[in-house]
Number of protein chains: 2
Amino acid sequence: MSRSNGSCGNSNHLHLIKSEQDCKHCQSEKLCLAFGLGQEAVSEFKGIIKERGPYAAGDTIYRQQDQFRSLYSIQSGSIKTETVTADGRQSVMGFYLIGDLLGIDAIGGKTYPNDAIAMETTWVCEIPYKSLLNLFSGQPYLQQQFINRLGGKIHADEYSGKVIRNESATRRVMHFLYQLYWHQARDKGPTSRLHLPMSKQDLASFLGLTPESFSRTLTQLQKQGHIEKESHKVIVLLKTPPSAESGHIEILDIK
Amino acid sequence: MSRSNGSCGNSNHLHLIKSEQDCKHCQSEKLCLAFGLGQEAVSEFKGIIKERGPYAAGDTIYRQQDQFRSLYSIQSGSIKTETVTADGRQSVMGFYLIGDLLGIDAIGGKTYPNDAIAMETTWVCEIPYKSLLNLFSGQPYLQQQFINRLGGKIHADEYSGKVIRNESATRRVMHFLYQLYWHQARDKGPTSRLHLPMSKQDLASFLGLTPESFSRTLTQLQKQGHIEKESHKVIVLLKTPPSAESGHIEILDIK
DNA sequence: CGACGGGTTGACTGGATTCAAGCCACGTGG
DNA sequence: CCACGTGGCTTGAATCCAGTCAACCCGTCG
């Protein structure tokens with residue numbers, strides 16, 4: 001299947017860059033699990049993590065059925081997870097952007113439930129899961145931050161399930177774009193120019209659409225004046241996005 | 001809105017049955033968070049929980065926007081969570097059966113993201129969240145069990161999202177029935193007679209279908225010889241369900 | 001150059017929705 | 001007791017949105 005193996009794409013992914021972690025590729029300090037910890041706690045945390053990269057587009061971070069040992073925090077770049085459907089097609093399960101925590105769907109199991117594949121040049125921060133658990137006894141705040149992440153993910157997944165179940169293709173797409181807008185605004189400030197790191201067919205798959213339907217939907221949204229397809233990977237929002245209170249986005253003006 | 005207020009359905013739900021918890025309504029010891037803990041740890045755990053019930057069908061356990069303070073483990077009965085869609089309809093977010101942990105989608109937030117409503121006579125075990133967190137420092141095993149639950153839920157949500165996105169109505173329905181089969185087999189042993197605690201319209205909503213489509217799908221499955229509608233609330237599986245390795249169910253013979 | 005894959009567009013099909021009517025079990029009140 | 005109303009569920013006919021199949025465009029790469 002597909003190409004792989006950039007600088008870091010081998011399956012046992014043991015390519016360690018530096019022994020002392022300076023998080024130099026990290027563009028997401030504020031989104032780090034360790035953010036807000038005391039000096040001592042942070043260095044303890046840094047003691048267990050390993051910076052890994054660069055992964056090139058198409059490289060795998062882990063594969064389905066690999067032993068679950070680590071979580072991965074995304075320092076820069078972006079990653080998709082995907083798995084195979086009953087009829088043998090690939091289905092994109094999720095996109096992970098800067099600051100997101102990858103691999104938490106493996107918690108409680110022995111192996112990862114899907115493949116994780118870089119969508120562009122990507123640096124991650126590997127967090128060995130057992131070591132992380134060991135830190136919790138001495139660091140209740142870190143523990144709580146972590147559990148909050150899990151809760152947030154559960155909430156987000158349920159919510160996106162709701163969107164998929166109830167909304168039309170157009171609204172699903174706009175919903176995704178708005179989410180991307182707010183995510184992007186969080187670390188780079190608000191811009192109406194949205195950079196799409198993923199291919200359109202991956203995005204279609206994630207939204208439960210065929211590539212054809214997705215393409216049509218985009219052109220339709222453009223005709224209606226909601227977006228503009230600036231380039232292959234860039235979409236411009238032409239109207240101010242609705243605010244995202246508690247992650248929920250209300251779309252009113254689109255059918 | 002709908003009726004409410006059975007014996008325990010008032011919004012502040014402070015109806016405490018006993019001060020010393022004997023878990024006497026619990027049909028799910030093996031599924032309890034505290035299962036496998038030592039004697040001392042269990043009694044510490046029992047010290048923070050409160051048994052609540054009985055809730056009658058239609059009673060609310062908590063409402064959207066209520067302050068998040070507790071999780072609820074289901075001792076007996078069943079609960080649905082639901083919320084309102086963009087166009088003002090109710091959408092069922094999830095079903096919670098014996099042993100399931102309710103309210104975890106509120107973790108990390110201030111309020112519950114949806115309403116929780118009993119679907120039949122139901123007893124729950126209220127677990128004050130902060131107290132639970134406090135136990136973790138002294139009980140790493142309990143902590144781990146809890147975190148494993150969260151991970152399992154994330155995994156399950158992602159997986160059911162995959163089913164909703166990729167599968168036809170028929171397969172979605174069969175998928176749900178098989179899941180119910182395995183869930184039921186877990187505590188009551190395997191039976192092909194499935195008891196549906198929820199109304200068909202709730203089930204339809206949960207599966208992303210209209211009540212009409214859902215009804216048609218059932219009759220279609222019956223004609224094809226996969227199921228039999230025994231009664232209002234009971235469906236019989238006519239073929240041996242596929243096994244559920246790691247929660248994933250492979251449906252092969254249905255279009 | 002030609003092959004290839006990602007993406008777009010068109011014509012057609014089909015599965016699920018919509019709108020409408022009817023059925024059935026249940027509770028209520030005369 | 002029955003008449004009646006109600007809500008959950010089912011069935012039918014028409015509609016529509018997204019899927020399917022096919023052709024085509026275009027940039028990339030061998």
* To do: Starting from C1' on C:dG7, measure out to CD on A:Glu230 and report it in whole angstrom.
  => 18 Å
* Asked: For B:Leu207 and C:dG15, what is the distance between atoms CG and P respectively, to the nearest whole Å?
  -> 18 Å
* To do: For nucleotides 23-30 of chain D, just jot down a letter per nucleotide in 5' to 3' order: B, S or -, based on protein non-hydrogen atoms under 4.0 Å.
  => --------
* How would nucleotides 7-22 of chain D be written as a contact map, 5' to 3', with B for base contact, S for sugar-phosphate-only contact and - for no contact, using protein heavy atoms under 4.0 Å? -> -SSSBBB---SSBBBB
* Should A:Lys80 and A:Asp202 count as an ion pair when the cut-off is N to O under 4.0 Å? -> yes
* To do: Assess whether side chain to side chain donor-acceptor pair (under 3.5 Å) is satisfied between A:Asn166 and B:Ser91, documenting all intermediate values.
  => CA-CA 8 Å; A:Asn166 296 304; B:Ser91 175; 3.0 Å; yes
* Asked: Taking CG from B:Asn166 and P from C:dG15, how many angstroms apart are they, rounded to a whole number?
  -> 17 Å
* Structure fact -> Only residue of A:Val236, A:Leu237, A:Ile235 satisfying side-chain contact (heavy atoms from CB on, under 4.5 Å) with A:Arg193 is A:Val236
* **Any donor-acceptor N/O pair, B:Thr122 side chain to B:Ser78 backbone, under 3.5 Å** => yes
* Asked: With the threshold set at 4.0 Å, does a side-chain nitrogen-carboxylate oxygen contact exist between A:Lys153 and B:Glu158?
  -> yes
* No-hydrogen, no-angle side-chain donor-acceptor test under 3.5 Å, B:His248 and B:His155 -> yes
* To do: Answer yes if the ring centres of B:His175 and B:Tyr159 are under 6.0 angstrom apart, and no otherwise.
  => yes
* Closest heavy-atom contact between B:Arg172 and B:Glu167? -> NE-O, 3.2 Å
